[in-house]
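Letters A, B, ... mirror the listed sequences (proteins, then strands); counts begin at 1.
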Amino acid sequence: MKNHWLVKQEPEAYSWQTFVQDGGTAWTGVRNYQARNNLRAMKPGDGVFYYHSGVDKAVVGLAEVAKEAYPDPTAKEGDWVAVELKPLKPFGQPVSLQVIKGDPLLKQMVLVRNSRLSVMPVTAQEFNRILTLGKTKR
DNA sequence: GCCAACGTTGGC
DNA sequence: GCCAACGTTGGC
């Protein structure tokens, strides 16, 4: 069965719009063990939510894993990995952190419980709920 | 701009 | 191996 994920990025650093313009990107630069382990568990075709931290604080788009984990070319030392992500579609309606925190089905998300993690798993139930709130179909 | 939460580093 | 100090992230 396919897994689902959420990646976090500040829009000032690399926005969803830029991601779409690029047609995909290598998700490099992750330097946190928990996030790295999540990158390693990603498989091509897995669904990935794109979350804007900072000014937006909302899930803004749906992407998918295009290539599984490989050694991060930007890491000078250490055992770090990158994956390749490809945009699928923007949300019809961004799903804000405020909405997530107020939703009984979503308030237990890792996004809420561990706000500092930048790559995290999303359950199938959470995934479907956010797609619904985002007025988006896979 | 502040601060809480979390991870990392380094002294012991 | 413990823990205090420090740095970073991200929400408010």
Ignoring hydrogens and angles, write down the donor-acceptor pairs under 3.5 Å from the side chains of residues 109-120 of chain A, residues two or more places apart or on other chains.
from: A/R113; atom 1: NH1; to: A/Q108; atom 2: O; distance (Å): 2.5
from: A/N114; atom 1: OD1; to: A/R116; atom 2: N; distance (Å): 3.4

**Asked** Looking at residues at least two apart in the chain, or sitting in another chain, which of them share a salt bridge (charged side-chain N to carboxylate O under 4.0 Å, His left out) with A/R31?
**Response** A/D72
**Message:** Restricting to side-chain hydrogen bond (donor to acceptor under 3.5 Å, both in side chains), what partner residues turn up for A/R36, sequence neighbours left out?
**Reply:** none
Expected list for residues 121-128 of chain A: side-chain donor-acceptor pairs under 3.5 angstrom, two or more places apart:
from: A/T123; atom 1: OG1; to: A/E126; atom 2: N; distance (Å): 3.0
from: A/T123; atom 1: OG1; to: A/E126; atom 2: OE1; distance (Å): 3.3
from: A/E126; atom 1: OE1; to: A/T123; atom 2: N; distance (Å): 3.0
from: A/N128; atom 1: ND2; to: A/A124; atom 2: O; distance (Å): 3.2

**Complete:** Applied to residues 99-124 of chain A, the ring-ring contact (aromatic ring centres under 6.0 Å, His included) test, sequence neighbours excluded, yields none
**Asked** So where does chain A start and stop touching DNA chain B, 5' to 3', when the test is distance under 4.0 Å to a non-hydrogen atom?
**Response** B/dA5 to B/dT8
**Asked** Among residues 93-104 of chain A, which contact DNA chain C at a heavy-atom distance under 4.0 Å?
**Response** A/L97, A/K101
For residues 53-65 of chain A, which side-chain N or O atoms pair as donor and acceptor with protein atoms under 3.5 Å away, sequence neighbours left out?
from: A/D56; atom 1: OD2; to: A/H52; atom 2: ND1; distance (Å): 3.0
from: A/K57; atom 1: NZ; to: A/G54; atom 2: O; distance (Å): 2.9
from: A/E64; atom 1: OE2; to: A/K86; atom 2: NZ; distance (Å): 3.2

Side-chain atoms of residues 12-22 of chain A: list all donor-acceptor pairs with protein atoms under 3.5 Å, sequence neighbours left out, distances to 0.1 Å.
from: A/Y14; atom 1: OH; to: A/D22; atom 2: OD2; distance (Å): 2.6
from: A/S15; atom 1: OG; to: A/Q17; atom 2: N; distance (Å): 3.4
from: A/S15; atom 1: OG; to: A/T18; atom 2: N; distance (Å): 3.1
from: A/S15; atom 1: OG; to: A/T18; atom 2: OG1; distance (Å): 3.0

